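Worksheet: the structure to be examined is printed underneath.
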Amino acid sequence: MAKQNVAEQFVDILARAGVTRLYGVVGDSLNPVVDAVRRNPALEWVHVRHEETAAFAAGAEAQITGKLTACAGSCGPGNLHLINGLYDAHRSMAPVLALASQIPSSEIGLGYFQETHPDRLFRECSHYCELISSPRQMPRLLQTAIQNAVGRSGVSVVSLPGDLAAEPAPDKTVETALVTARPTVRPGDEEIDKLAGLIDRAEKVTLFCGSGTAGAHAEVMALAEKIKSPVGHALRGKEHIQYDNPFDVGMSGLLGYGAAYEATHECDLLILLGTDFPYNAFLPDDVAIAQVDVRPEHLGRRSKLDLAVWGDVEETLRCLIPRVKEKTNRRFLDKMLKKHAEALEGVVKAYTRKVDKHVPIHPEYVASVLDEIAADDAVFTVDTGMCNVWAARYITPNGRRRVIGSFSHGSMANALPMAIGAQFTDRRRQVVSMSGDGGFSMLMGDFLTLVQYDLPVKVVLFDNSSLGMVELEMMVAGLPSYGTTNKNPDFAAVARACGAYGVRVEKPKELAGALKDAFRHKGPALVDVVTDPNALSIPPKIKAEMVTGFALSASKIVLDGGVGKMLQLARSNLRNVPRP
C-alpha cells in the first residue's frame, strides 16, 4: 500500500468526521489537498467561482443538516475571501471547518508572495484557529479543530502550508475517535425548581423564542398551554415556533408585527427561550426575565436577568413542565391574542389594495404568490435587506420548510451562495433563493456554479434597481437617498446566456405562471421580477434617532406592508378565545 501524504491523511480525517464535500477554489498551496479529494471517493470537491460563496455554502449546508461541513481557500488572497461567509457561519452557530492553506513553511514571516497569517486573521470568527507546523502535529490539531466546530457549534480554521501538505505522513498514526454530534445539556434540579417557582408566582407569563427552540416545538406548546402564555418569536425562531401555534402573538424586532412587543412588556415574567435576540431596545426593563440557553455566554448579555438557566431548551422544558402548576386564568393570553389580530388587521391593508394590478409589481405580492406556489418542504434562502422583510411577513412556516439567511451577521449577497449549499444536501428538494438585485449582482458569478453542477436552485429576483433597505435607513434618518440606485441588465437574459432558464416578469398577471414554469424546470432557473422600489411605507411617528442601520427602534411596529397568511392564522387562534 502506498504511503499517505499529509493531504491524504487530512482528507481521510474529514471523511471520518462525516464531511462529504469541500467547497472552494483550487490553487497552488491548496493543490495537494484538492488532489487528495480527487482520489478519495468519500468526498466531492465543489468548485465555486468565489471563496466567499464557498464559506456561505458550507454554512448553509451545516444549518440544513446539523452536521460538520468544510470549505477551503488557497494561500493569501484565496483564503481571505472566506472570511465574510465564515463570520456568518460562526454567528449562525453552524459547524464549519475551514482550511486556509498557507505559503511554504520556510517562508512564513519573511514577506513572501501572497503572505498573510490566517492563524491570526480568522480568530474573531472562529472558536479555534491554528497553524499546522509539522506532519506529526496535523492529525491531533485537525481533530481538535473538528471537535471545537462540532462541540461549540461554530467555525474552526486550520492553516496548512502547501509544502507540508505534500510531505509523507508519519508511519504510525492513531485514528482517534472523533466527536461528530452534540449532547443535550440538562440544567441542574435547583435551576429547574427556581424557574418553576418564578412561573408559579407570576400571574402573566410570556415566552419569547429564538432558533434555540429548533426541535422543541412540542415542549414550547405544552408549556404555553399549561401556563396560558402568549408565545412570540425572533426572526430566527419563526420557522421553528410559529406553525401550529394557537398561542402565537407574532414577531418582535425591526421587522416585527402583531402583539409580540406588547406581550413581552405587559407580562409579569418574560422567559427567553433559545434566543440571543440582539435588539435590547425591544426588550422590557421593568419585568422579571428568565433566560434558557445552551450557550452560557448568551445568558444575560442583552438584558438584566432574574434567573439564568444553562441548558438545551427541549431538555429543559421536558424537565420543567411536570414541575409547574397549571394556570387556569386565560385573561392575559386572550387579551394578547386579540391585540395580535387587531394589529394585523391594521397592517394588512397595504397588501390588499389592488396589488394584483399594481405596476411595478408590489414585492409583497411576489412573496405572497411565492408562498402559495412553493413546495411544503421548500428551503428558502433570503438576502439581507428588503427580502428579509418579505420572508418574515409572507413565507408561512409549517415545520417542514426552512428559511435561512444572514440573520445574525447581516451580510449582503448571502442568498445565492446559501442556496448552493442547501441544494447540494438534496437535489430533489426545492430550494428557492429570494434574492435582491443588489445582493445577487454582488456574487452573481456563482450563478455559473448552479449551471456547472446543474443544481435546480430557483432564483426569485426582487428587482427594484435599488438598495432598498439602505434607502429606507437614509429616509428614516432624514437623509436623501444617495448611491443606492442600480443600473441593472435584464437578469433573465443573463441567466439564459449562462445556460439556465430565465424569464422576466413585469406584470402581476404573469407572475404565478412564470413561477410555476420555473419550478417545473428541472435545472437552475431565474425569475427576474421587476418590483416597486417604493412599496414599503413607514408610519409617520418614526423619528430619525429610532433607526441606525439595522439597529433599533423603540416603536412597537416599525415597518408596515402586509402580513400574508398571518392574519388568517391569528383569526383562527381567536376561535379559542372564550366569548363574553
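Just so it is clear, the structure is predicted and the values come from calculations on it, not from any experiment.
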Can we say Asp276 and Arg301 salt-bridge, meaning some charged N sits less than 4.0 Å from an Asp/Glu carboxylate O?
-> yes
Starting at [atom1] of [X], measure out to [atom2] of [Y] and round the result to the nearest 0.5 Å.
{"X": "Ile289", "Y": "Ser303", "atom1": "CD1", "atom2": "OG", "result": "4.0 Å"}
{"X": "Met418", "Y": "Thr53", "atom1": "CE", "atom2": "OG1", "result": "11.0 Å"}
{"X": "Phe208", "Y": "Phe277", "atom1": "CZ", "atom2": "CZ", "result": "4.5 Å"}

Partner set under side-chain hydrogen bond (donor to acceptor under 3.5 Å, both in side chains) for [X], not counting sequence neighbours:
{"X": "Glu239", "value": "Arg402"}
{"X": "Ser153", "value": "Arg182"}
{"X": "Ser433", "value": "Ser435"}
{"X": "Thr65", "value": "none"}

Treating [X] as the side-chain partner and [Y] as the backbone partner, does any N or O pair qualify as donor plus acceptor under 3.5 Å?
{"X": "Asn464", "Y": "Ser466", "answer": "yes"}
{"X": "His340", "Y": "Ala259", "answer": "yes"}
{"X": "Thr381", "Y": "Ala415", "answer": "yes"}
{"X": "Ser229", "Y": "Leu207", "answer": "yes"}
{"X": "Arg393", "Y": "Ala367", "answer": "no"}
{"X": "Asp377", "Y": "Arg401", "answer": "no"}

Ignoring hydrogens and geometry beyond distance, is a side-chain donor-acceptor pair present between [X] and [Y] at under 3.5 Å?
{"X": "Asp244", "Y": "His217", "value": "no"}
{"X": "Asn414", "Y": "Ser406", "value": "no"}
{"X": "Asn84", "Y": "Ser411", "value": "yes"}

Any heavy-atom pair between the side chains of [Y] and [X] that's under 4.5 Å?
{"X": "Ser92", "Y": "Gln63", "answer": "yes"}
{"X": "Gln291", "Y": "Thr275", "answer": "no"}
{"X": "Leu270", "Y": "Leu272", "answer": "yes"}
{"X": "Phe122", "Y": "Ile83", "answer": "yes"}
{"X": "Pro95", "Y": "Lys67", "answer": "no"}
{"X": "His50", "Y": "Pro417", "answer": "no"}
{"X": "Trp390", "Y": "Leu370", "answer": "no"}
{"X": "Asp454", "Y": "Pro524", "answer": "yes"}

Please name all residues satisfying side-chain contact (heavy atoms from CB on, under 4.5 Å) with [X], sequence neighbours left out, ordered by chain then number.
{"X": "Ala58", "value": "Tyr23, Thr69, Cys71, Val96"}
{"X": "Ala525", "value": "Lys458, Tyr501, Ala518, His521"}
{"X": "Ile373", "value": "Val369, Ala512, Leu515, Lys516, Phe519"}
{"X": "Thr213", "value": "Cys209, Val220, His240, Ile241, Leu273, Val313"}

Which heavy-atom pair separates [X] from [Y] by the least distance, and what is that distance?
{"X": "Thr449", "Y": "Val48", "result": "OG1-CA, 3.7 Å"}
{"X": "Gly436", "Y": "Asp383", "result": "N-OD2, 3.0 Å"}
{"X": "Phe491", "Y": "Met444", "result": "CE2-SD, 3.7 Å"}

Determine, stepwise, if the pair Val46 / Phe424 fulfils side-chain contact (heavy atoms from CB on, under 4.5 Å).
-> CA-CA 10 Å; Val46 178; Phe424 264 113; 3.5 Å; yes
Can you check side-chain contact (heavy atoms from CB on, under 4.5 Å) on Leu450 and Val459, steps first, answer last?
-> CA-CA 10 Å; Leu450 301 184; Val459 177; 4.3 Å; yes
Worked verdict on Phe407 versus Asn388 for side-chain contact (heavy atoms from CB on, under 4.5 Å) | CA-CA 8 Å; Phe407 298 142; Asn388 267 336; 2.9 Å; yes
Start with the C-alpha gap between Met251 and Gln242, add the side-chain angles, then the distance that decides, and say whether side-chain contact (heavy atoms from CB on, under 4.5 Å) holds.
-> CA-CA 9 Å; Met251 188 170 80; Gln242 190 192 26; over 6 Å; no
Salt bridge (charged side-chain N to carboxylate O under 4.0 Å, His left out) pairs, two or more places apart, involving [range]:
{"range": "residues 48-66", "answer": "Arg21-Glu61"}
{"range": "residues 483-504", "answer": "Asp463-Arg504, Arg504-Glu506, Arg504-Asp528"}
{"range": "residues 412-432", "answer": "Asp426-Arg428"}

CD/Glu124: more than 12 non-hydrogen atoms of other groups inside 6.0 Å = no
So which pairs with a foot in residues 368-387 pass ring pair (Phe, Tyr, Trp, His ring centres under 6.0 Å), sequence neighbours left out?
-> none
